[in-house]
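Accompanying notes for the structure given below.
The chains referred to below are lettered A, B, ... by the order of the sequence lines, with proteins before strands, and numbering in each begins at 1.
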2 protein chains.
Amino acid sequence: MQAGRLSWKDVREAIHEWILSGRYGPGDKLPRDADIAVELACARSTVQRAMQDLSDSGIVERRRKGGTRVRQDPVVRATLDIPITRREIEDRGGLYDYRLIERSFGKPPRAVRIAMNLSDAPDMLRIEALHLCDGRPYIFEDRWVCTTTAPNILKVDLSRDSANEWLVRNAPYTRFEVKFFALNADQRTAELMATTPRSALLAIERTTWLDDRPITHVTAIAAPGYRLLSRS
Amino acid sequence: MQAGRLSWKDVREAIHEWILSGRYGPGDKLPRDADIAVELACARSTVQRAMQDLSDSGIVERRRKGGTRVRQDPVVRATLDIPITRREIEDRGGLYDYRLIERSFGKPPRAVRIAMNLSDAPDMLRIEALHLCDGRPYIFEDRWVCTTTAPNILKVDLSRDSANEWLVRNAPYTRFEVKFFALNADQRTAELMATTPRSALLAIERTTWLDDRPITHVTAIAAPGYRLLSRS
DNA sequence: ACTCATAATAAGTAGCTACTTATTATGTCA
DNA sequence: TGACATAATAAGTAGCTACTTATTATGAGT
């Protein structure tokens, strides 16, 4: 960085500081980008970048002509990375193992059709599989794959390669939806996860689409003690 | 937009399309920004913006001199907005109500000190409160507030105003950490949440800091059926 | 071969100009 | 007074130049 120049991150911090210090409180209107640029002696484009970042972080709200104001009701905006399960386990230093439990065809249940936003219900590939960390159940996945959108999955030997990994690598999506919730283990899930019935388990439900055609819907149920983490 | 010109979003979509179509697969190196600019007949700065966005979405990885490559192990990067609880309930069309259960002082338990990254344990403000939606328990929060970092909270009448709201508005943070996990309701929690013991509940644990001083640590336990949602 | 300085490279950043677009304010006419 | 066209405004975008920085490749000297 050239000496004396402010980077857009410096500008972001300066403006954030104004907000933290109360110079501009929730709901207050900030000066126009151009005026801030003059005050801080930098280019408007630098202020623009800084403001865009503050806007992305949910700290300010920007509207054309309306200007920039500090958000009334700040939100905590958390970014979560959900990696491939094998990767996640290996990154924790665990030994990954995978077991296919079921592979079949059929009509998905109503809940899955609703999640996929489908009215009619074509037959889909259904996969149940278990991901293990150091030999212990880690994540159980119950998946439906739309074979019209991702026909190549039919050629994959799912007893060797997990659908999780294959899809992420071979069926890129343009849109997705994720839900997190807690559920009590039923008899079967408890057995699969080597825990007791009614144990609280974290479920991560994901649906992906390629444009408007659904690719897959998966309910990933994590072992007891599983924690999803997001920083900064 | 001036006719014939490509916006950076167009460029992003064009590059994304190259990846979706397999022209560039996982691990492959993409051309330099400058060459893409020539190919698409736009400015390098436009490619830069598009690439930055693809990088933020976890689709490509960029390194100075190393160039840009398609990520080997794509991650699902989900962005969650966690609003003020009152706001969340009102946005769903529910009637918000709030009840303070306990306000006291004391040393936080070890788990809280660890989460806050503190070795010694000063006395902190402890708050237990219930947020209700249409008269039914919605979220129970168990909170510790570091009164050296946020002393003004001592002046607040917490039986009227929730610490959740006051802190979000008056104690801006520079850093935070969020954890999601499932837990079985214990006897007391079950009573508070009007559910049965051992019910699976989603817990959202949040810690915020102002620079390196912890502000607050809260465990928010949501009622059965609660779902956290993230789109796109 | 091996180390280390140097060059080359590709992304990142800052500044400028010019134009576009969404939105709000205004002022005219019925 | 109200509806509606018009002007003004502030952010958003595109293009250009120039420079910086991190990283990799190279090549000289031991």
**Asked** Over how many whole Å does the gap from A:Asp10 atom CG to C:dG12 atom P extend?
**Response** 18 Å
**Partner residues of A:Arg227 under the salt bridge (charged side-chain N to carboxylate O under 4.0 Å, His left out) criterion, sequence neighbours left out** = none
**Prompt:** Tell me, for nucleotides 5-11 of chain D in 5' to 3' order, what letter each nucleotide earns: B for a base near a protein heavy atom under 4.0 Å, S for only sugar-phosphate near one, - for neither?
**Reply:** ---BBBB
**Request:** Could you tell me which residues satisfy side-chain hydrogen bond (donor to acceptor under 3.5 Å, both in side chains) with B:Asp211, sequence neighbours excluded, listed by chain and number?
**Result:** none
**Fill in**
So side-chain hydrogen bond (donor to acceptor under 3.5 Å, both in side chains) across residues 213-222 of chain A, not counting sequence neighbours, yields A:Arg143-A:Thr216, A:Thr207-A:His217
**Prompt:** What about B:Tyr138 and B:Tyr226, are their ring centers closer than 6.0 Å?
**Reply:** yes
**Request:** Mind calculating the distance between CG (A:Asp53) and C1' (C:dG12) to the nearest angstrom?
**Result:** 15 Å
**Prompt:** With sequence neighbours excluded, what pairs up with A:Asp73 under the salt bridge (charged side-chain N to carboxylate O under 4.0 Å, His left out) test?
**Reply:** B:Arg87, B:Arg169
**Prompt:** Counting only side-chain N and O atoms of A:Thr46, is one of them less than 4.0 Å from OP1 or OP2 of C:dT13?
**Reply:** no
**Item:** Gap between atoms CZ and P, on B:Arg49 and D:dT13 respectively (whole Å)
**Value:** 7 Å
**Item:** Sugar-phosphate only, base, or nothing, as touched by B:Ser45 at under 4.0 Å among non-hydrogen atoms
**Value:** base
**Complete:** With sequence neighbours left out, the residues meeting salt bridge (charged side-chain N to carboxylate O under 4.0 Å, His left out) with A:Arg86 are A:Glu90, A:Glu165
